[in-house]
Structure formats: C-alpha cells, structure tokens
Student: 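Sending over a structure as structure tokens; questions will come in a sec.
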There are 2 protein chains.
Amino acid sequence: MLLSTKGDYGVRALIDLAKHAGEGPVQRSDIARRRQLPESYLDHLLAQLRRDGFIRSTRGPGGGHELTRAPAEITLLAVLECLEGSLAPIGCVAEANRGGESMCGQSWVWQGIYDDMRKRLEGITIAELVEHERAHERAAVANYSI
Amino acid sequence: MLLSTKGDYGVRALIDLAKHAGEGPVQRSDIARRRQLPESYLDHLLAQLRRDGFIRSTRGPGGGHELTRAPAEITLLAVLECLEGSLAPIGCVAEANRGGESMCGQSWVWQGIYDDMRKRLEGITIAELVEHERAHERAAVANYSI
DNA sequence: TACAATGTCGACCAGATTAGTCGTGAATCC
DNA sequence: GGATTCACGACTAATCTGGTCGACATTGTA
Ligand code: FES
Ligand code: FES
C-alpha cells in the first residue's frame, strides 16, 4: 500500500476546509464529524499540515483551522508528500531522488512509474476535488428528485 | 512504499533463473550469492513463486529451480502480484477491484494511477529485464576496455 | 544402503509502522 | 475565572517486514 490513511484523511480535511473557506475558522470536531474521521487522530494530521504551511489555526472560542492559500493552488502531490513523506513506490527510488545512488537493474521501471504518478498528482488541486464532490452531490440530488 | 523487498528480490531471482535457463536447475545458494540476497529469505520467495507456477523445483544433489515458462511470457505484473498481493496504492482501490464498493470521493484518482501502473507492468517481461541487464553489462565492458 | 546435497515447511523473532487514544497544557474569548 | 479550542507528546495494540533457524523430505551417488 503506497498510501496510509494519513494521506486520505488529510486530503478529506483540506477538502472540508476548502468548502468552508471564507466562513472563518472551521473546528476540528466539525471536520471530524462531517468527514468521518477520528478527531484525535485528525489532530496529528492538522498539526503536520500547519507545520508545512497549508493551514493556519487559532485557539479559543470561535477558533479553528483555515487554508492559507486558494484551493486551486494546493496540489494533491504537495499535500500527500507533506503527510506521507516520499511517494516513491520502492525505497531505492526514494533515496535516488534525494541524492542516493545504488539501485538494482529494475529501478528504471519504478522511477518511470514514480514520475508518471507525480505528474498526475501535480495536476490535481484541492479545488478540483471540491468541484468533483459538488458535481457528485448535484447528481445525487437530481437523481433523488426524479 | 508500494513494494517491499519481496517483489524486488523475487524479480531478481527470476532474472537469474532466466539468464541460466536451459542449463538445468539453478541452486538457491547460487541465486542468493549472485543477486546478493539472504538465502533463507529467498527460500520463502521461491516457495511462493513455485506455488503460483512460475518455477519448478527439484530436490537432491544437482537439484534446484527452473522457470516453467519462457522469460518473455512472464510479466512483471504477474510476478509482483504473486509476491506482494495487490499493488493497489490504497486499500479502498484494492477492495473495489475485487468486488468491494465503498470509496471516498478521491478514489478515482488512485484508480487511475493504479490502472496506469498495471498497464505499464504488464508490458514488461522478465526477458526484457534480462536483455536490459545484458546491455548494461556490455556497456560496462566496452567502457572498461577503452 | 548410507550419506551428502538439496529443497520444504513452519515456528520464531526483533524492529518498524500504522492507527489510533489520552492527558496535560497553552491561548483566547467572554 | 471559566469555557472553548488548539498543541503536543506519551503511550499502546495490532500488523507488517525482513529476516533466522531447525526439523524433515527427497534424490543422486559411492
Ligand atoms: S534495488 Fe531498487 S529496484 Fe531493485
Ligand atoms: S477512501 Fe479510498 S480514496 Fe478515500
């Protein structure tokens, strides 16, 4: 498994923040409830996202979390690398891409797959995921109203 | 990390067997030495490869392991799925592809990446990896002789 | 037939990772 | 001062990884 729940949960959280952008800070408990995440685990993910500058948090009553950038400027690649570390499919590729050297004769295969994946993920933003979700909601409503 | 050492080691072992195909059974100890693998760990991988019909083994003096098919008919995808199980980048995709259903709104991203990767891996055979390795060896020799 | 070579199988193990929980404390607002 | 909310680190149970080891089965050869 390339991704743990961290990446998935973290992206879900950012989508939630993006959907409520401009409405002031969003609370951990609301994100957790709406996105079905364990709240105290989400805490760790938000901490990491904050450290890497994706969100800003405020304490006290009425506090919560907000995006620091426009959703369209947050790529899935950036989020996932923040939460998961390297997305390299195998150890040697991860090391190679930060200066290492030793690989066996198959590593070109994995390097290719890695490059493809990064390119894909770099082309998808949180804004697009929000739009995707909205479209899905509209479709569900339309279906129900018929 | 999508792949553990199992996949990498197993592919290395099959490359070794392919390189010595037609010369009778190849012994575990020889594979381990040539490919720099821990012999007793390699044992497990060979067992799995045997169970899935990639190799046949014979005991006793002069025994060892051999491929059951031509190297050009063994895809990297098949080998890796034998040794690693599903290569799905995230759990929900693995379940979806064997009949499950529940996914969150991002799973289409991972499904796409998964499909790409499988297609790539299906197009690479052990024979090609052997050829790749031979080309590399020739290049090294040429470089040395200059 | 005895023995050596070889594969087969399962038990066992230490360390890392995953997916959390919990408690204490700090900031903020009222 | 008290309520609310985030911040941070300690702790944990379960699982996975990357092995090792020992007992045993099979086969070729002297
Ligand atoms: S060591 Fe990286 S592919 Fe083999
Ligand atoms: S649950 Fe599979 S991508 Fe979110």
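Letters go in sequence order (proteins before strands), and every chain restarts at 1.
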Student: Expressed as a whole number of angstroms, how long is the span from B:I31:CD1 to C:dT6:P?
Tutor: 13 Å
Student: May I ask you to verify whether the side chain of B:D43 and the base of C:dC9 hold a donor-acceptor pair under 3.5 Å?
Tutor: yes
Student: For A:L46 and for A:P61, locate the closest nucleotide of DNA chain D by heavy-atom distance; then report the residue assigned to the nucleotide nearer the 5' terminus.
Tutor: A:P61
Student: Under 4.0 Å: is that the gap between some side-chain N or O of B:Y41 and OP1 or OP2 of D:dT17?
Tutor: no
Student: With a 4.0 Å cut-off on heavy atoms, is A:H65 in touch with a base, just the backbone sugar-phosphate, or nothing at all?
Tutor: sugar-phosphate
Student: Starting at CG of B:L2 and ending at P of D:dC16, how long is that distance when rounded to a whole Å?
Tutor: 15 Å
Student: Below the 4.0 Å mark, does D:dG19 have OP1 or OP2 next to a side-chain nitrogen or oxygen of B:Y9?
Tutor: yes
Student: Can you tell me how far P of C:dC9 sits from CG of B:L49, to the nearest Å?
Tutor: 13 Å
Student: Between P on D:dT20 and CD on B:E39, what's the gap in Å once rounded to a whole number?
Tutor: 10 Å
Student: In whole angstroms, how far is the C1' atom of C:dG20 from the CD atom of A:Q36?
Tutor: 17 Å
Student: Ignoring backbone atoms, establish whether B:R50 has a side-chain N or O less than 4.0 Å from OP1 or OP2 of C:dC9.
Tutor: yes
Student: Between A:D30 (CG) and D:dC6 (P), how many Å, whole number?
Tutor: 9 Å
Student: Hey, does the side chain of B:S57 come within less than 4.0 Å of C:dT8's phosphate (OP1/OP2), counting only N and O?
Tutor: yes
Student: At less than 4.0 Å, is any side-chain N or O atom of A:S4 found next to OP1 or OP2 of C:dA19? Yes or no.
Tutor: yes
Student: Please say whether more than 12 non-hydrogen atoms of neighbouring residues, nucleotides or ligands are located less than 6.0 Å from CD in A:Q36.
Tutor: no
Student: As an exercise, state the distance from NE2 of B:H65 to NE2 of B:H20, rounded to the nearest 0.5 Å.
Tutor: 14.0 Å
Student: Does any donor-acceptor pair link the side chain of B:H44 with the base of D:dT17 at a separation under 3.5 Å?
Tutor: no
Student: Could you state the CD1-P distance from A:I90 to D:dG18, rounded to the nearest angstrom?
Tutor: 9 Å
Student: Relative to the 5' end of DNA chain C, which residue comes earlier, A:T5 or A:G62, by the nucleotide with the nearest heavy atom?
Tutor: A:T5
Student: If you assign each of A:G60 and B:S29 to its closest nucleotide in DNA chain C, which residue comes earlier from the 5' end?
Tutor: B:S29
Student: Find the distance between CD1 (A:I31) and CD (A:E39) and round it off to the nearest 0.5 Å.
Tutor: 9.0 Å
Student: Nearest 0.5 Å, what's the SG-CD1 distance between B:C104 and A:I15?
Tutor: 7.0 Å
Student: To the nearest 0.5 Å, what is the distance between CG (B:L49) and CZ (B:R56)?
Tutor: 14.0 Å
Student: Considering only side-chain heavy atoms of A:R59, which listed nucleotide, C:dT8, C:dG20, C:dG25, is closest?
Tutor: C:dG25
Student: May I ask you to say what B:T58 touches in the nucleic acid, namely base, sugar-phosphate or nothing, with a heavy-atom cut-off under 4.0 Å?
Tutor: sugar-phosphate
Student: Can you tell me the distance, in whole Å, between the CG atom of B:L83 and the C1' atom of D:dG18?
Tutor: 14 Å
Student: Picking from D:dT20, D:dC6, D:dA25, which would you name as closest to the side chain of A:R28?
Tutor: D:dC6
Student: With rounding to the nearest 0.5 angstrom, report the CG to CZ distance, B:D8 to B:R35.
Tutor: 11.0 Å
Student: Just to be sure I understand the rule, does B:S40 reach a base, reach only the sugar-phosphate, or reach nothing, if contact means heavy atoms closer than 4.0 Å?
Tutor: base
